[in-house]
Amino acid sequence: MLKIIVCIKQVPDTAEVKLDPVTGTLIREGVPSIINPDDKAGLEAALRLKDSCGAHVTALSMGPPQAELALREALAMGADQAVLVTDRAFGGADTWATSSTLAAAIRKLGYDLIITGRQAIDGDTAQVGPQIAEHLGIANISYAEELTLIGDAVVVKRQYENRYHVLRAKLPCLITALSELNEPRYMTPGGIFEAFEQELSVFARADLDISDANIGLKGSPTRVVRSFTKQPKGKGQAVTLDPQESAQWLLERLEEKHILSSGK
Amino acid sequence: MDFELSRQHQMSRRLFREFAEQEVKPLAQEIDETERFPSETVEKLQRYGFLGIPFPKEYGGQGCDSLTYALCVEEISRVCATTGVIISGHVSLGAEPIKTFGTEYQKEKFLAPLAGGKALGAFGLTEPGAGTDAAGQQTKAVKNGDHYILNGTKIFITNAGHADIYVIFAMTDKSKGTRGISAFIVEKDFPGFSIGKKELKMGIRGSSTCELIFDNCPVPAENLLGSEGKGFGIAMKTLDGGRIGIAAQALGIAQGAFDETVAYVKERKQFGKPISAFQNTQFQLADLKARIEATRLLVYQAARAKDTKANYAVESSMAKLYAAETAMAVTTKCVQLYGGYGYTRDYPVERMMRDAKITELYEGTSEVQRMVIAGAILK
C-alpha cells in the first residue's frame, strides 16, 4: 500500500504573531495552537489519496511534547499513525537541523510520498520541505495547488505568481502543499475520542541515526541577529487630481525615489 | 472531583466552535429572517457525525458521551439556536428513545440511519389538548392484524416535514389513562401520514415546527416501541434526556449573546469613551459571566449524570430550568447594554433574545421543571 508521510507543525493560531520586544522571541502564552494551515492542506491531500486509492498515512511532527495535540488532531481527521520527534537535544533547531532530523525520522519510517506544507505561519521560511527532499536525495515539487496520483507518479499543478506548471514526478518524491490545495475536512467527535486512545510513536535522540553535528542548536548554522516588530508606516499622501494627472504625479514620485525609471 | 474538561472534550469543543463559526454562523441571520430550514447545514452535521454523537459505533454513531453531545449543542447554539434545536430534536427526542427502548430490529433499521447521518429524527407527543398535561392524548392506535392504525393530530413538532423517522405517542387503551399510551416508530412515507400547518414563531425561526396528521395511518406492529402501555414512561424518560439538550442550547444562547456584547461594549463609545469603561457595564458583565458559569456547571453535571445514573430527572430539570431562565435574563440584559442598536436586526442579540424564550417553554415549561424538582424534594 502507498505509504504517505505528512509533516505537520504546531503553530500559534494567529497570522500576527507578536514578538517580545526585549527577548525577540515569539510570545506564545494565551495563543491557542493549531496545525499550520499549509500542512493541514497537505494532510487533507494525503487523506483524499487514502480515500480514493488506499494509502497508509503517517503524520509526523517535530516539536515540544505539547505538539502531541496537533498529531492527535491529525489522527482525528483520519491519519493512520502519528509520530512525534521530540528531545531536548533537538531544541533550538533552524531549518537545516530540523530538516536533517525529520529526514532521519522519515528514513526510519519508510515512504513512497512525502507531503509537507509550503511554509509555517510562524517562521515563513519555506525551506524545511525542500531540504528534506535534498537530504533524502529525492525529487521535490513545491507550491502544489493540485495533486493527483497516476500509477507510480504524482502529477502536480505548481503555482507561480501569474501562471502554473504541470509537473510529473516518479515516486518516491516530496510535495510541498499550499493551503489553496483543498479545504481540509473537520475532525469527527468519534475520531477525537479514538485519537486519544491510539498510541503515539515517539522518536527521541537515541532513536534516530543522525550525527550530533546536524541536530539542535549546535547543528544550526542560522543565527538570529535581531528580531523586531515592524513599525507601522507613516500616513500616506493624498492628492485630488484627474486620472491622467494622478498617473503623472505618481510616476514622478516613483522616479524621485528611483523605484521606476521612465527612460527619460 | 474534576472541573476541567478532559483533553478529548476540549478538542471536541474546539471542533464544534470551529464548525459553528465557519458553517453555521454565516447562515444564522438569513434563516431566521426567511424562516428557512437549513438543509445544507444538516447535511454537513450528518457528514461529520454531529448527529450521532452519543450513540454506539455499532449503530453508526460516534460512540461519545452525553457531555460531548451537550458541548456540541452548546457551541452550535452559541451562534445559531435554530441549528441547536435541530440537533437536539433529532438526537435526544428522535433517536435516543430508539436506542434506549428499541428492539435489535428497530435499532438496526431506525437507529443506525439516524446515528449514521442517513436520516433525521423527530418526536411527536404534544397535541392541542395535551401539552404540559401530556397524559391527555387523543391520538388513537387501534390494533388491526399485524398493524396498528393511527388517527389523530400532533402539534409543535420539531423537525417535522424534514425528518425521516418519527417517534409518535398514541392511546392504545383510553381506559388505562397514562398506562394506555404506547410509542410507535413512524416513517415519513407511511400512507395516511401527512404534515399539517407550519407554525410561525417568535424565535428559532429556521427550525421547522409543524402539525403531524394521522388519518388511518397503518404502522407495522414491529414498530411498536417498548410494549403496549409503556409509552408514557418512554416519553418522560426521553424528555429527561432531552432537557439536557435544551439546557445546553440555552447555555449556548446565553454565551453567544454575552460574547457579542463583550465585543460591542469595547467598541461602542459614549461620552468620549467606550461604554466598557463605565462601572455599570462592568458590573453587569460580571454578574452575567458568573451566572453563565454557574449554568455551565449545572448543565455539564446533568450530562454526566445521564451517563452515570439510572435516574437523572432532577439534575436535568435543574439544568434546564436554570439554563433557560439564564438565557432569557442574559439576552435581555445584553440587548439593554447594546441600547437602541440592540433592538435592531443589525446585531444578533435581538435574535438571541427571541430564541431564548422558547427554552423556558418547550420540553417542559419552567413550571414543569419546578414540579419535577419539588416532587423529588418532597417525596
Side-chain angles (χ1 to χ4, degrees), chain A residues 8 10-15 28 30-37 39-41 43-44 47-48 50-52 59 61 63-79 82 84 121 179-180 182-200 202, chain B residues 4-26 41 43-76 87 90-91 95 112 115-117 245 248 303 307:
Chain A
I8 63 173
Q10 189 183 45
V11 294
D13 181 11
T14 171
R28 288 174 185 272
V31 183
S33 294
I34 55 167
I35 297 178
N36 179 55
D39 305 354
K40 203 169 177 180
L43 175 60
E44 175 65 27
L47 295 174
R48 288 186 189 184
K50 177 184 168 180
D51 292 344
S52 60
S61 188
Q66 57 266 32
E68 176 196 340
L69 279 182
L71 289 168
R72 299 272 179 213
E73 186 175 340
L75 290 171
M77 284 171 69
L84 177 63
I121 56 172
S179 54
E180 294 95 305
N182 51 47
E183 204 171 306
R185 68 195 63 191
Y186 291 98
M187 299 177 276
T188 59
I192 291 173
F193 280 75
E194 279 168 25
F196 279 92
E197 282 160 20
Q198 236 169 305
E199 194 148 346
L200 211 69
V202 178
Chain B
E4 283 290 311
L5 290 179
S6 72
R7 295 196 301 169
Q8 290 89 319
H9 289 110
Q10 285 179 38
M11 192 177 275
S12 300
R13 181 198 283 291
R14 192 157 65 76
L15 163 66
F16 300 140
R17 178 158 302 192
E18 201 177 301
F19 182 92
E21 291 286 336
Q22 289 174 15
E23 311 291 340
V24 182
K25 191 175 185 178
T41 307
E43 193 266 319
K44 287 177 194 165
L45 292 168
Q46 289 175 326
R47 189 188 322 154
Y48 289 106
F50 288 19
L51 296 185
I53 291 172
F55 303 117
K57 285 182 198 157
E58 55 180 310
Y59 299 111
Q62 295 291 309
C64 303
D65 56 11
S66 297
L67 180 55
T68 311
Y69 162 61
L71 290 169
C72 176
V73 176
E74 176 192 346
E75 286 298 332
I76 301 290
I87 299 171
H90 162 89
V91 170
D307 290 340

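In this text the structure is predicted, and so the values were computed from the model without any measurement. In what follows, every heavy atom counts, from backbone to side chain, and hydrogens, waters and symmetry copies are set aside. Letters A, B, ... mirror the listed sequences (proteins, then strands); counts begin at 1.
Residue B/T68 touches chain A through its side chain alone, counting heavy-atom pairs closer than 4.5 Å. The contact between B/F16 and chain A is made entirely by side chain atoms (from C-beta outward), counting heavy-atom distances below 4.5 Å.
Closest of all the heavy-atom pairs between B/L15 and A/P189 is CD2-N, 3.9 Å. The two residues B/Y48 and A/R185 come nearest to each other via the heavy atoms OH-CA, 3.7 Å. For the pair B/M11 and A/L69, the tightest heavy-atom approach, listed with the atom from each and the gap, is CE-O, 3.5 Å.
Taking B/E18, B/R47, B/K44 one by one and counting their heavy-atom pairs under 4.5 Å with chain A, the maximum is reached by B/E18.
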- Message: Working note: A/E194 + B/K57, criterion side chain to side chain contact (heavy atoms under 4.5 Å, CB included); need CA distance, chi angles, decisive distance, verdict.
- Response: CA-CA 11 Å; A/E194 279 168 25; B/K57 285 182 198 157; 3.0 Å; yes
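Applying the side chain to side chain contact (heavy atoms under 4.5 Å, CB included) criterion to A/A67, with sequence neighbours excluded, gives A/Q10, A/S61, A/L84. Partners of A/R48 according to the salt bridge (Lys or Arg N to Asp or Glu O under 4.0 Å) rule, which considers only residues two or more places apart in sequence or in another chain, are A/E44.
Enclosure of atom CD in A/E183 is not indicated, since only 12 or fewer non-hydrogen atoms of other residues, nucleotides or ligands lie within 6.0 angstrom. Within 6.0 Å of CD on B/E4 lie no more than 12 heavy atoms contributed by other residues, nucleotides or ligands.
Between the CZ atom in A/F193 and the CZ atom in B/R7 there is a gap of 12.0 Å [rounded to 0.5 Å].
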